[in-house]
There are 2 protein chains.
Amino acid sequence: MPADPSSPHPPSIKDVARRANASTTTVSRVLSQPDAVRPDLRQRVQQAIAELGYRPNLAARRLRQQRASLIGLIVSDIRNPFFTDISRAVEDMAYRHGLRLILCNSDEDPAKEQSYLELMADEQASGVILSPTPELTRRFRADQHPFPVVLVDRAPDDTPTDLVLLDNAHAARRLTEHLLDQGCRRIALLAGSRSSTGRERQAGYEAALRERGLAPQVLPLRPTADEGQAAAAPLLATDPAERPDALLATNGLLLLGAWKAIRAAGLTMPTDIALAGFDNNDWTTLPEPAVTVLAQPTADIGRSAAELLLQRMAEPARPPRRIVLEGTLMVRGSSARQV
Amino acid sequence: MPADPSSPHPPSIKDVARRANASTTTVSRVLSQPDAVRPDLRQRVQQAIAELGYRPNLAARRLRQQRASLIGLIVSDIRNPFFTDISRAVEDMAYRHGLRLILCNSDEDPAKEQSYLELMADEQASGVILSPTPELTRRFRADQHPFPVVLVDRAPDDTPTDLVLLDNAHAARRLTEHLLDQGCRRIALLAGSRSSTGRERQAGYEAALRERGLAPQVLPLRPTADEGQAAAAPLLATDPAERPDALLATNGLLLLGAWKAIRAAGLTMPTDIALAGFDNNDWTTLPEPAVTVLAQPTADIGRSAAELLLQRMAEPARPPRRIVLEGTLMVRGSSARQV
DNA sequence: TTGAAAGCGATACCAC
DNA sequence: GTGGTATCGCTTTCAA
């Protein structure tokens with residue numbers, strides 16, 4: 001990667017043209033559609049590019065083309081391994097298609113989310129993959145943005161949009177039925193967040209219980225470990241014949257809180273109480289017994305979102321598509337009751 | 001934030017100038033140095049900007065200025081909470097100074113790291129904060145990049161560079177002396193990575209032991225949990241009179257591996273064996289007893305790095321500065337021996 | 001197949 | 001204090 005150290009400024013397309021004894025138009029063509037240039041000329045240009053260490057000025061290109069070959073990924077919590085895994089998959093796809101990826105962390109803050117969406121607009125991004133805050137899901141409209149948007153993990157109320165998510169209702173139902181099969185009868189749900197995702201998980205849980213004639217017990221909470229622990233603790237302090245014989249958490253943080261409450265109460269899993277929840281986070285294999293979870297297909301989700309975005313970029317008028325994926329139930333000691 | 005829906009293209013500075021009955025020069029000045037424009041004119045322009053929902057075209061601005069008000073943060077592992085915390089601090093500073101932040105994850109892969117550095121060059125970034133891969137630390141030279149670089153967490157061999165890191169030797173010494181104070185005499189070190197950080201931590205450990213006339217026992221490892229566990233397991237299987245009475249891990253992943261090995265061996269902490277290590281990761285408070293760690297001042301590190309970068313951007317010729325910060329020893333049950 | 005020239009939208013210089 | 005104009009580096013007509 002040589003660079004001419006005598007020249008104070010980086011080489012421009014003009015320098016390349018001069019050196020290759022060609023026009024800037026030709027140089028530009030060699031870069032974008034090499035087959036349209038005769039081999040010998042093309043080679044001269046390519047050599048000049050290599051010799052000068054020329055790199056196209058992206059700002060100039062964008063100014064001219066009115067768009068950047070750049071996509072954004074705005075996640076609601078970068079520390080959540082769920083999103084880290086997704087970002088890896090998206091990055092792969094983007095790289096393979098010669099698109100740059102900008103990673104942004106909205107931190108569940110609608111203001112930050114808004115500011116990042118404006119950033120992407122200012123940068124003339126070609127597209128955005130977004131896990132919206134619950135607030136945004138309520139007022140999201142795809143046509144409000146100057147670029148295609150693919151939503152991930154959370155669905156807006158009804159607007160048709162390109163979307164990738166887990167079959168949340170079914171996943172919650174599978175977890176619930178697993179607990180029922182283990183003999184649990186008083187399953188309490190730690191329900192975190194009013195997002196579509198949260199509501200669907202709750203619906204799946206309630207449906208499974210109703211089918212067996214059992215009453216749901218739902219604790220609506222903010223999705224933090226502390227809140228989960230605080231809510232679970234009093235439940236566990238009640239009479240063993242009355243208290244829940246299983247806790248089900250709708251996300252990883254609440255699951256952690258529930259686990260801590262169970263430990264603090266000195267109860268044994270799964271005999272005193274069973275535990276299960278969403279997201280196959282690393283910590284879930286640490287405790288003894290390990291915690292039963294429903295693992296989301298994060299790589300699939302990321303890849304699907306990237307594909308959806310590329311398709312829409314290629315064909316803006318296409319009707320929106322919704323991709324629903326299944327998770328994997330990972331049964332571990334916290335719920336696997338000995339027969 | 002109104003936008004004229006009748007105009008097919010976003011408003012440019014010309015549209016604003018026309019509407020405010022001013023020149024584009026004046027509009028530009030209102031944006032960059034408002035005080036240089038007379039109040040009444042300024043207000044007219046600002047109103048026109050608001051009415052049109054004008055946003056400056058960043059590509060045009062960059063093309064003209066030959067630099068973007070944008071900084072990059074390239075971390076070696078986005079899943080490591082250490083870096084997530086740092087990124088939050090950097091983001092705050094950047095936001096407060098009107099700089100955009102691009103977050104990149106090199107994943108400890110020198111090729112990806114290189115590609116992101118090229119990205120930042122292509123984007124004409126004003127500066128970059130970087131936690132270099134060990135490979136890069138060996139050949140890093142600040143003047144090889146077209147923007148100022150501040151390194152974080154890992155130091156190159158000798159090149160003078162703006163740099164923020166933990167006082168690793170002292171931190172390792174504190175952990176070691178703590179273990180010694182608890183009565184441990186055979187402290188084995190799980191040493192991860194050949195980076196400067198790793199080497200300094202090892203040096204601090206060795207110095208502390210030598211001062212008390214004890215022999216170091218170092219296991220050089222790749223920094224993964226699996227490797228840590230695999231290396232610790234055979235150590236723990238030996239005769240209780242011979243085996244280590246403490247394990248010290250130089251990073252969070254090795255610490256986790258060591259903890260798993262201890263659990264698998266059925267040993268009790270801290271009586272059978274004590275455990276301590278670096279990085280106050282969430283999981284360390286999960287086990288019973290919780291794990292003693294040296295917490296890094298992540299927010300401080302991020303803030304210091306951002307400040308250093310801003311200073312260098314303002315004064316490129318300034319001699320490089322190196323900021324060394326102290327960590328916090330958090331003594332928990334895994335090492336706190338009852339007297 | 002190739003090249004000359006216009007123009008993307010902003011800023012910087014230089015007159016006034 | 002204000003405005004005209006050249007210019008940043010590239011792509012895109014359009015004509016040869």
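Computed over heavy atoms, backbone and side chain alike; hydrogens, waters and symmetry mates excluded. Order of the sequence lines fixes the chain letters, A, B, ..., with proteins taken first and strands second; residue numbering starts at 1 for each chain.
One atom, CZ of B:R55, and another, P of C:dC8, lie 22 Å apart when rounded to the nearest Å. Here C:dG9 presents its C1' atom at 15 Å from CD of A:Q65, a figure rounded to the nearest Å. If you measure from atom CG of B:N57 to atom P of C:dG7, you get 18 Å, rounded to the nearest angstrom. The nearest whole Å value for the distance from the CZ atom in B:R64 to the C1' atom in D:dG9 is 12 Å. B:Q33 places its CD atom 13 Å from the C1' atom of C:dC13, with the value rounded to the nearest Å.
The side chain of A:P56 lies closest to D:dC10 when the candidates are D:dC10, C:dG3, C:dA12.
In summary, A:R79 and A:D77 do not engage in a salt bridge, as defined by a charged side-chain N under 4.0 Å from a carboxylate O.
Counting non-hydrogen atoms under 4.0 angstrom, A:V27 reaches nothing in the nucleic acid. Within 4.0 Å of B:T25, counting heavy atoms only, lies at least one base atom of the nucleic acid. Using a 4.0 Å heavy-atom criterion, one finds that A:R62 contacts no nucleic acid atom at all. Across all strands shown, A:L58 has no heavy atoms under 4.0 Å from either base or sugar-phosphate atoms. Using a 4.0 Å heavy-atom distance criterion, B:A36 is classed as a sugar-phosphate-only contact.
If you find the closest nucleotide of DNA chain D to B:V37 and to A:S12, the one lying nearer the 5' end belongs to B:V37.
Residue B:T26 has no polar side-chain atom (N or O) positioned under 4.0 Å from OP1 or OP2 of D:dT2.
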